[in-house]
Amino acid sequence: MTLAAPDPENVSAMGAMAEPQPMHQPENSNEHSNENAHDNAHGSDLATGSVELPAVYIASDIESTLYAEWENAGVFRAHAEDAAEREPFVMVMPPPNVTAILHVGHGLNNTVQDVLIRWRRMSGDEALWVPGTDHAGIATQNVVEKMLVTEGKTRFDVGRAAFTGRVEKFVEETGGQILEQLKAIGASADWSRTAYTFSPQLSRAVREAFVRLHEDGLIYKGHRVIHWCPRCGTSLSDEEAEFHESSGKLYHIRYTLDENDVGNLATAPDDADGALPPGITVATTRPETMLGDTAVAVHPGDKRYQALIGKHLILPVNGLRIPVIADEYTDPEFGSGAVKITPAHDANDFEVGKRHNLPAPVVIDAEGIVREVEDANGRVPASLSGLDRFRAREQILEMLRADGSLLRTESHSHNVRHCYRCNTVVEPRLSDQWFVSMKPLAARALEAFRTGELRILPERWEAVYVNWLEGIRDWNISRQIWWGHRIPVWYCDECDSPPIVSREDVQACPSCGGGVHQDEDVLDTWFSSWLWPFSTLGWPDEDSPDLKAFYPGDVLVTAPEILFFWVSRMVMAGCWFMDKPPFHTVYLHGTVRDVQHRKMSKSLGNGIDPLDVVRLFGADALRWTMISGLGLGVDVMLDPDDLDTSFASGRNFCTKLWNISRFLLTRVGAENVLPLSTVSPDSFTAADAWILARLDAAIADCDTALGPPRPANGHAWTDEDRRRGLRLSEYAESARRFVWNELADWYLESSKPRLAQGGADGDVARAVLAHCFDAALRLLHPVVPFITETLWQRVPRATSNEDYNRSSTTVSTSPSAFSTASSSASSTASSTATESRTKKSFLATARWPSKQFESDSSIKRGAAAFELAQEVIQAIRHTRSEYNLKPGAPMDVLVASGSAGAAARNPENEALLATQFPTIEAMTRARLSMVGNTPTLLAAHHLLSNGNELIIPLAHLVDLDKERGRLSTEIESLAKAHASLESRLANEKFTARAPAELVEAERAKATEWGERLSGLKRKLESLSS
RNA sequence: GGGCGAAUAGCUCAGUUGGUUAGAGCGCCUGCUUUACACGCAGGAUGUCGGGGGUUCGAGUCCCUCUUCGCCCACCA
């Protein structure tokens, strides 16, 4: 029950996947799964198809075996050389963190991608889905640091080299499990290209990008206030410092005027009572930062403080003297209209400080400890030095209370930035960091959107994307952690030469030959992620065949949360380094939530483990449930406490497919059937015609819901196409409706007598049934790949369906072709030409269905006849139900010319209907006969849409009141609709202004309704007399 | 504070440029173990399309407004 070992080359490329992981989580139920595989009668045979289908479908008996078969056959692999002949269709998987384990969010994200890639693969594209993991700098470092804590150590105790070694080892041992888990849900990625953001290949891309941007003048080192996580010990980008609403306190503190400056200022401007000493009141939520205050700012136009500008105040607690300055930044309306300025600990204050040449003393260190860090002599009293920032806050408030400086405390709800990795309150901190100038990059990304090269679905995110890019700020890319790509900058130890930015490691100073040392910082993990769409294809090697064949890609599927972190930046990187956006479509799917609409999360304990669902109901049930509920941009609601109900629709649907197949195998036989193309159109029955027409409609609906797969002109979306496609729930519903409500409920039922009868007509029914189910399996395969593949291998199909198979899709089953797969950088080396081909074909590579009978008028006629039969059948069943008659009880049904009388008889209609009598009788167990005039009998009545009347004599059983009631109800609702239609047609403005076609159709409808209405009325009268 | 979205059957949602008597799944009610399927089959009920106003021959669909709920962004100390 374990998957084949991952390709050894992948392992090294990944630096992560060491051992083959069990298909299922190694928990208690794993043993059970293993037992199944060995003991159950239908283990691996199911996939190859040589035993009868068991009565009950057990997903776990087929899924892992089948997955291995696909993978060994190279079904998921894409080849650069084939992309010349086929259209390439490329997606890159959002790389999960290397330490991640699968949760339902990954499940949804990857299922969506898998549906798309399988659809395109079947449609004949050279479909490439690039998988991989992200080294996830801070997150992974945190995991290993926590492990060290259990040993009572910090990373500083073990040292940088030993620590990173430890992380590497950890990643090698347990990293990348999630990729194996993705196989359990059926993800058909090209695992031979599994990438890793910290692999040598991708690290080369990172250096290239850094150096190139530096050459372009877009990377610089800046000295400014950045977001700092004291727990993680690193700076963060704006996006990594998330706002969370928190209820804090706003403290009003009195800064008194320096005695020498009091002069003739009798009272303070903000103190009408004169109760306070002359000075200014400031308000702050972070009193601890006052130790680093270098000024108090007022608005230049604020009359209250005019006289104080240029004077000095005495800072409480440390008694330092600071100036009152005038700056536009101050909002006179807020608080007292005066704001304390702490240049080193607030980004805005830093800007104010620069304008006024203020010093920027640092009074809180990297760990959030208050002390005199830099330029801060005499600022931190000994009693405060060494305290944590929050302890120091309390202490300072005590001191302020004691000397009367704390005037007021009010509660204050505000947003505070927290570290997105550990949720610690972020500390603004003055430091040297590397930045990327984003405006030039953003300009190109905006251009790509405006020219239509890029679209985002759902549409509403486009405005968010544009808004963010237009207001973009420079990106802090340096991190003071150890796990990540070291910044490729070296400094000379001996001379003053400028820093050396280099693609290659630098050993000696190019100017003086002296020793050098590399920058200590590493790069933001997203600095490698944003290159993912091309670094995984061989960039910066511009001649890489993969890069040439597969860039740019097509669709990016992800959650809206990382639109800024990742998606926008990938577009910027793609436009900058590759001159083209990396994909033409961004598909942002919803979130999986619980019944209370809360996001599923580990901390809330409301999550669903996708592997639990796989074990219980199978991957297909999981996939079906998620996809069929996935409206565009809509969240998926599932109940973690009731998996049975949550996944019922998926499980039930799989069972239905299974049972249809069992029917086919017993009633149609396991032998192949006649190809449809060899069946003379004359031998199609009305039912055949109808189901073939429905198949065409289902194919059209699926195509519309899913596509178009790419812009029609190859590079930019038209306004018309921009909003189309990726309606996954509509696609799933269209396919489901066809196979269940149309094929199984109607066609299959109607064909039972024909199959039992055998003969030529039986063969036609077998051919049509097999053809339609074959097509249905194809349509469904992207959503429920395992069961459809299993069934497709076993159910009867046309003897020659080469015409229906994708050409040259037979794939190699020779393991040797794959065990030598090379790393992603040169994976194209294993050419298709060298692969041995076998006759085995998979549904996974079979051709996506296309419409065949669109313009066939005999099909249309037949379909109409069958629809009439359906009407009769439903009427008879309705009567049976209404009169509580056993389904099998004998029943006579008369078809009369209708209440309109003999004059209105339409022999053609009647003849058409008469051809359907056998079908109707078989499906209702009624005996039908045609009569001329409507006989007067105690009977149930139905007026058919073709004008004929259905009379079901029930003698003593008939309830005239019931009959009259039913007629009255129908008359009532029809009369209402008819009246509204008539008044619309009577309105000259409507007939004049509405499209002629519509008016025509409405007139025809009005006539039809009118006839039916009078028919119903006459009927009612006859029953009343 | 700014921007965006949503409100349709008990629940989750479709409803594509305004034009069938507004649909699906799940749930609910009734009947049925008919040799593919009770994880099923057949039949059935259920909506002043959030409130109000407007445009139009015609509005679930477009506009305004109100209410409720979400999401994104933002330096108000």
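Keep in mind it's a predicted model, so treat the numbers as computed, not measured. In what follows, chains carry the letters A, B, and so on, assigned in the order in which the sequence lines appear, proteins first and then strands, with residues in each chain numbered from 1.
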For G19(B) and A59(B), measure between their P atoms and round to the nearest Å. 11 Å
Could you tell me whether E1002(A) and R984(A) have a side-chain N and a carboxylate O separated by less than 4.0 Å? yes
Answer for the Watson-Crick or wobble partner of U48(B), both distances under 3.5 Å, is none
Can you tell me which nucleotide in G40(B), A36(B), C75(B) comes closest to the side chain of F243(A)? C75(B)
Reading RNA chain B from 5' onward, which residue's closest nucleotide shows up sooner: R925(A) or T991(A)? R925(A)
A77(B) C1' sits how many Å from H252(A) NE2, rounded? 10 Å
Under 3.5 Å, is there a donor-acceptor pair between the Y420(A) and E240(A) side chains? yes
Quick one: label R593(A) by what it contacts on the DNA or RNA (base, sugar-phosphate, nothing), any heavy atom closer than 4.0 Å. nothing
OP1, OP2 of G2(B) versus side-chain N and O of W468(A): anything below 4.0 Å? no
Considering every strand and a 4.0 Å limit on heavy-atom distances, what is the contact class for A55(A): base, sugar-phosphate, or nothing? nothing
So what does Y57(A) touch, heavy atoms closer than 4.0 Å: a base, only the sugar-phosphate, or nothing? nothing
Of all the nucleotides listed (C72(B), A24(B), U21(B)), which has the minimum atom distance to the side chain of S973(A)? U21(B)
What interatomic distance, in whole Å, is found between C1' of G2(B) and the corresponding atom of G25(B)? 39 Å
Applying the 3.5 Å cut-off to both distances, the Watson-Crick or G-U partner of G60(B) turns out to be none
D331(A) has a side chain; which of C76(B), G25(B), U34(B) sits nearest to it? C76(B)
Assign R667(A) to base, sugar-phosphate, or nothing according to its heavy-atom contacts below 4.0 angstrom with the strands shown. sugar-phosphate
Can you tell me the Watson-Crick or wobble partner of A6(B), both distances under 3.5 angstrom? U68(B)
Quick check for you: to the nearest 0.5 Å, what is the distance between L728(A) atom CG and I627(A) atom CD1? 5.0 Å
Taken to the nearest whole Å, CG/N884(A) to P/U30(B) is 12 Å
Pairing nucleotide - G1(B), Watson-Crick or G-U, each distance under 3.5 Å: C73(B)
May I ask you to evaluate whether H597(A) reaches the phosphate of U12(B), defined as a side-chain N or O under 4.0 Å from OP1 or OP2? yes
Looking across every strand, which nucleic acid part, if any, lies under 4.0 Å from R877(A) by heavy atom: base, sugar-phosphate, or nothing? sugar-phosphate
Separation of the P atoms in C32(B) and U21(B), to the nearest angstrom: 37 Å
Looking at the side chain of K656(A), which of A36(B), G19(B), C72(B) is the nearest nucleotide? A36(B)
Heavy-atom nearest pair, V426(A) first then H418(A), reads CG2-C, 3.5 Å
If you pin A463(A) and H878(A) to their nearest nucleotides in RNA chain B, which one's is more 5'? A463(A)
Expressed in angstrom and rounded to an integer, what is the separation of L630(A) atom CG from G25(B) atom P? 18 Å
Using only modelled atom types and a 3.5 angstrom limit, is any donor from either the side chain of E749(A) or the base of A36(B) paired with an acceptor on the other? yes
Just to be sure I understand the rule, does K1005(A) reach a base, reach only the sugar-phosphate, or reach nothing, if contact means heavy atoms closer than 4.0 Å? sugar-phosphate
Starting the side chain at C-beta, find the nucleotide from C73(B), A36(B), A77(B) nearest to T285(A). A77(B)
Need the pair for C41(B). Rule: Watson-Crick or G-U wobble, both distances under 3.5 Å, any strand; none if unpaired. G31(B)
Proximity to the side chain of N659(A) - top-ranked nucleotide from C37(B), C72(B), U21(B): C37(B)
Please give the distance between the P atoms of A74(B) and C66(B) as a whole number of Å. 27 Å
Could you check how far CD of E988(A) sits from C1' of G58(B), rounded to whole Å? 16 Å
When the P atoms of U61(B) and U16(B) are considered, how many whole Å apart are they? 11 Å
Could you tell me whether D721(A) and R724(A) make a salt bridge, using a distance below 4.0 angstrom between a side-chain N and a carboxylate O? yes
With rounding to whole Å, what would you report as the distance between G18(B) and C62(B) at their C1' atoms? 7 Å
Using whole Å, report how far CZ of F334(A) lies from P of G1(B). 13 Å
Separation of atom CG in N467(A) from atom P in G3(B), rounded to whole Å: 11 Å
Any donor-acceptor pair under 3.5 Å linking the side-chain atoms of S750(A) with those of K752(A)? no
Using a strict threshold of under 4.0 Å (side-chain N to carboxylate O), is an ion pair present between R286(A) and E427(A)? yes
Students often get this wrong, so: under 4.0 angstrom with heavy atoms, is A648(A) touching a base, only sugar-phosphate, or nothing? nothing
Which part of the nucleic acid, if any, lies within reach of K752(A) when heavy atoms closer than 4.0 Å are counted: base, sugar-phosphate only, or nothing? base
What nucleic acid atoms does N415(A) come within less than 4.0 Å of, heavy atoms only: base, sugar-phosphate, or nothing? base
Quick one: is C72(B) close enough that its OP1 or OP2 comes under 4.0 Å of any side-chain N or O from R460(A)? no
Using the side-chain heavy atoms of L974(A), tell me which of these nucleotides is nearest: U21(B), A36(B), A77(B). U21(B)
Length of the line joining L748(A):CG and G40(B):C1', which is rounded to integer Å: 13 Å
Of all the nucleotides listed (C75(B), G25(B), G19(B)), which has the minimum atom distance to the side chain of R473(A)? C75(B)
If you look at every strand shown and take non-hydrogen atoms under 4.0 Å, does V634(A) touch a base, only sugar-phosphate, or nothing? sugar-phosphate
E351(A) and R224(A) ion-paired at < 4.0 Å: no
Indicate yes or no: does K599(A) engage E561(A) in a salt bridge with an N to O separation below 4.0 Å. yes
Under 4.0 Å, counting only non-hydrogen atoms across every strand here, what does H978(A) touch: a base, just sugar-phosphate, or nothing? nothing
Distance between the C1' atoms of C64(B) and U56(B), in whole angstroms? 16 Å
Out of C72(B), G40(B), C37(B), which has the shortest distance to the side chain of W461(A)? C72(B)
Select base, sugar-phosphate, or nothing to describe what S881(A) touches, counting heavy atoms under 4.0 Å on all strands. sugar-phosphate
Pairwise C1' distance for G44(B) and G27(B), with rounding to whole Å: 14 Å
Could you tell me the separation between the NZ atom of K886(A) and the C1' atom of A42(B), rounded to a whole number of Å? 13 Å
May I ask you to check if R877(A) and Y883(A) form a cation-pi contact, with NZ or CZ under 6.0 angstrom from the six-membered ring centre and within 45° of the axis? no
Regarding W624(A), tell me which of base, sugar-phosphate or nothing describes its non-hydrogen contacts under 4.0 Å with the strands shown. nothing
